[in-house]
Amino acid sequence: MIDISQVMVTAGIVLAFALNGAVIFTILDVKGASWMQRRPGPLHVGLRGFIFPLAEIIKFFQKEDITPTNVDSAVFKWAPAYVLASVFGLFVVVPISPTLVGSDLDLGVFYLLAISSLSTLGVLTAGWSSANKYSLMGGIRAAGQLIAYELPLILAVVGVVIQAETMSLVGIVEKQIEFGLPFVLSGQGLAFLIFMIAATAEMMRVPFDMPIGESELVSGFLTEYSGVRFLIFYIAEYMNMFILCAVASTLFLGGYHVPLLPVEWVNFYGPVVLITKTVFLGFILVLVRWSFPRFREDQLQNLAWKVLIPLALLNILITSIMKVVF
Amino acid sequence: MKKFRPKLPGFLTGMKILLFNMIKTLSPLSPNPNVNYPFEKEIVAPRARGVIALDQDACTSCMLCARQCPDWCIYIEGHKELQPPAKPGGRQRSRAVLDRFDIDYALCMYCGICVEVCPFDALFWTPEYEYSEYNMGDMLHDKNRLDQWLNTVPEVEGLEN
Amino acid sequence: MWRACQKMDQREAVKMDDILNAGNIPYVSEASVSVEIETEDMTLNIGPQHPSTHGVLRLVAKVDGEKISSVEPVLGYMHRGYEKLAEVRTYPQITTLVNRIDWVSGFANEIPFIAATEKLMEIEAPERAKHIRLILTEMARIASHFVFNGAYALEIGALTPIFLAMEDRERILDLIESVTGGRFHPNFNRIGGIKPAAGAGPTTKKNIQDLPAGFYQETRDAMEKVLDAVERMEDLVGGNEVFKVRTKGVGIISKELAEEYGVSGPILRASGVKFDLRTQTDFLPYDQFEYEIPVGENGDCYDRWYVRLMEMKESAKIILQAIDSMPSGPLQTKVPKVIKVPKGQSYVRTENPKGEMGFYVISEGGLGPYRLKIRTPSFSNISILPVLLEDQLLPDLIAIMGSLDFVLGDVDR
Amino acid sequence: MNLSNNAEFIESLSSKFPNLENNFDTLKIKVKTSDWTSTASMLKDEFNLTYFSWLSAIDWENEVSVGDPPKEPVSPCFEIIFCLSDSIDGNVVLVSTEIEKENASIPSLVEVFAGSNWHEREAYEMFGIEFSNHPNLEKMYLPDDYEGNPMLKSFELISREVKPWPGEVDVEGMPEDGSEGGS
């Protein structure tokens, strides 16, 4: 019998952790972008603009939630929910510290990848049901892109799982602590690169933002959304970015542990270390977003099928050989 | 001479430029290219064509500016008045007095033909630019409003040789 | 959702049954019925309101998935009827009208009209006026190419260059404003010379003002910054591999196609034709300065972008030389107060930032021209769109259209 | 002048076309309507004026509802002009012909210069000139249900009739050098 209080507490932690992550990354993205472009960014919102995500949320709540006429309203209304659900699901597994984790499934990585592919459904139905040619094209492009980049994401993680011999995320971090070096330095550097590129594509961020290509498709599958539904897509996008960076730092950068610090205190400095690693990865993504133009649709697919997947397979081969040799 | 710098792959140089930009924006040393408008005002060039100022007593309502205006946005009405004769016993001279001199800034395209054509130096340019209105009707400035702009006319600035 | 699918299945099932047991058709196994799925193209309206059509151009595109089978531009949303208006105005009034045709490079539009009228009246602007006109034309070219650089990177997807380009362009526009009084519509040319905005104070209007104090030093600093900005833009945008992949070999315009459609300016030079109207003009002292004409090799989007970037560097060099060799002297020749142009016709064309801009002034001795033909570069530049965009991909359509750098005021006049 | 005065180009041109005018540095050839397309292709091949600059028309009329009428009376006709240039040393040539106004029609240059397609559509729409065997001769700028050809001299500008001219109001005799200004 699962006791309800335990579930509620975990849900509370996950919710708090997720929403704060989305807020941090929104600030990072918008403020970082404006500094990079020689402008001050949002200023008059309060605290020199740093609480602007709060203002954003309130703005979208008071905006009218338009459902265009000949739209497939059932699907249209529930599409954002799928995307948000798939992103929330990922938070359960990521360990902030050995004890502070939603539930340490021993099939952690498997669960992670299964849930993250649910968002493809949400995006496709959003594009298809908006009865607008531009969002239809945006939705189809999103489907093609997310499925194409699912594969390198999984294959990159397989390398890590082979090296760590366990699927549970806490186990992977323990393995890195015991091994001394985080996986990115001990053999999984290539997998880390592939994972980051595939993660950028999963988040639909530039240079892979074809589904929301503003200059071609007005704003892809998001064109017809406004008000709270657009807010859900908006938060889901930044939460997705936060969680994928958190997963990347647990799998590759050693999770809640830094090689030099003593292991006993891990419960105290664990969360801080994980958050700094995630924010660092997030900053790299922001830097990439504002300095890259956008790929064309077929180049995007070529990169996935002809470059990333062979490299990921090669990485798995090398890891397994190294596994056998040592 | 272009200083030798290792040729980073293209996108890394791009990211380097953005990083330097970020540091430049955050560091108080570098000049801030933005003007925080409502709180800081931008210094406008003295010759900027912001608004047209009218010097009422110089204007003899000769209608040249109203006729040369391409947009037909200057409306003038005047009447004649008798002046006391210059010398005692001389003939009474008549002088045109301005009744109405409106410039409709909703139509005006700030081309400056009226200021250039006026033979009596009655119209001047001022770099004033904060006179936007909520409804278009108020953009029709009458002659007293044009007179007020006169004191914002900048002094003559130095010239290149 | 689920019920809808069930209903569809029943309908499908019924159709298959009556096909199968329609009596005379022998039983045909499912597999061998190869129904050729007949698809017809989706007409996509890249409409007047679209983020990357440089204004209000509407493209009716027949799209098959991502591939465009045919494109038909629809113009006229910005048609202001300039040629008809010109017949109702006097010559001084037309100079104010003319710099609103291509509002991105304001000053460069006035030059051909003024030159054509001065030719008809057989008068010549003084040396100093010609030099100032040349400097301001080159500044307009730099400002126009900055807009192109920023906006083109934005259409390809890079979001930062537009801010950096606009910041540098602001410096150039401030310089133009300090001289002429207007940023976009300087309206600085008069027939027979130049006339800065009549400034303050009663006496000054009589003696024509000159360049403001400190203009030379400010221009030299601005031009240094322009050269740095060009170098930075080359690294940030041109160096990026994704930009190269998106623009190299895309939308190739051959030399013959370009010449046949009257494509001019940077697009013609990008296709390998080394032809710049600046070497032809005699009413602006281009022959006193040395500058080279950047030429592209294979006329694709990357070359068009690169030619315009190098042109900015050349313009900055020309301005620096012009500032050093600025003669002194009057700004305006003697011109009657009411300008009556003698009977005659003259066609003058100059190198506008977008291409060849020409004015054919037909004057019958009246106060205004009898007929004024305005040849704008963008009108011919985008007349190759239907031919160029045959079966390209949608993102390429945006990239190619962006590389043509047209402005709708130019197209629709 | 546009430096299109390099001498041997002008000689060769005037040898071919005796009625070449070269005033105000604009080379202009008057041609009969019959050999309109032949002149175009001949200029394109022999003088390699391959660059098609523009094509337009002028409506010569005596009584004019817009602007000032021509100085001496002129026979009402359409003058159609196209301009060619070459992209090596920039010689510019205008070729013009006159056709009468009722059901004006002229062969189209699309076979010789594909670029003239849009220019001819614009001339058709603005002046009502028919271009025979033109691929798709429809309106370019104006909405489809717009009747009348705006660039004709008989087409008045309504906006100028509706609003009274502010210069009409007269206070005093104008100083004699003041002009009528824009009518």
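Owing to the predicted nature of the structure, the values given are computational and were not obtained by experimental measurement. Labels below follow one simple rule: chain letters A, B, ... track the order of the sequence lines, proteins then strands, and each chain is numbered from 1.
Counting only heavy atoms from C-beta outward, the side chains of N21(B) and L164(C) approach each other to under 4.5 Å. Using a 4.5 Å heavy-atom cutoff, the side chains of H185(C) and M109(B) are not in contact. Within the 4.5 Å cutoff, the side chain of T13(B) has no heavy atoms near those of the L236(C) side chain.
Remark: of the listed residues T95(C), N99(C), N187(C), N187(C) is the sole one forming a side-chain contact (heavy atoms from CB on, under 4.5 Å) with C111(B).
Here the straight-line distance linking atom OG1 of T90(C) with atom CZ of R67(B) works out to 14.0 Å at 0.5 Å rounding. In this structure, OG1 in T96(C) is found 7.5 Å from CG in D71(B), a value given to the nearest 0.5 Å.
Looking at L18(B), only its side chain comes within 4.5 Å of chain C, counting heavy atoms on both sides. Within the 4.5 angstrom heavy-atom criterion, no atom of R171(C) approaches chain B. Interface residue T160(C): only side-chain heavy atoms are found under 4.5 Å from chain B. There is no contact between D55(B) and chain C, counting heavy-atom distances below 4.5 Å.
Without hydrogens or angle criteria, Q93(C) side chain to Q68(B) main chain gives a donor-acceptor distance under 3.5 Å.
Looking at every heavy atom in both residues, P92(C) comes nearest to I113(B) through O-CD1, 3.9 Å. Taking all atoms of both residues into account, the shortest heavy-atom contact from R89(C) to P70(B) is NH1-CB, 3.5 Å.
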Would you please test R47(B) and T180(C) for side chain to side chain contact (heavy atoms under 4.5 Å, CB included) and show each step?
CA-CA 7 Å; R47(B) 281 190 193 172; T180(C) 63; over 6 Å; no
Working for side chain to side chain contact (heavy atoms under 4.5 Å, CB included), residues E177(C) and V44(B):
CA-CA 9 Å; E177(C) 185 181 33; V44(B) 188; 4.0 Å; yes
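The environment of OH in Y129(B) is crowded: more than 12 heavy-atom neighbours from other residues, nucleotides or ligands sit within 6.0 Å. More than 12 heavy atoms of other residues, nucleotides or ligands sit less than 6.0 Å from atom CZ of F215(C). For L26(B), the CG atom counts as densely surrounded, since its 6.0 Å shell holds more than 12 non-hydrogen atoms of other residues, nucleotides or ligands. Counted within 6.0 Å of NZ on K313(C), heavy atoms from surrounding residues, nucleotides or ligands total 12 or fewer; the atom is thus considered open.
Counting heavy-atom pairs closer than 4.5 Å to chain C, the top-ranked of the candidates P46(B), A45(B), G112(B) is A45(B). Each of S178(C), A213(C), G239(C) has some count of heavy-atom pairs under 4.5 Å with chain B, and the biggest count is that of A213(C).
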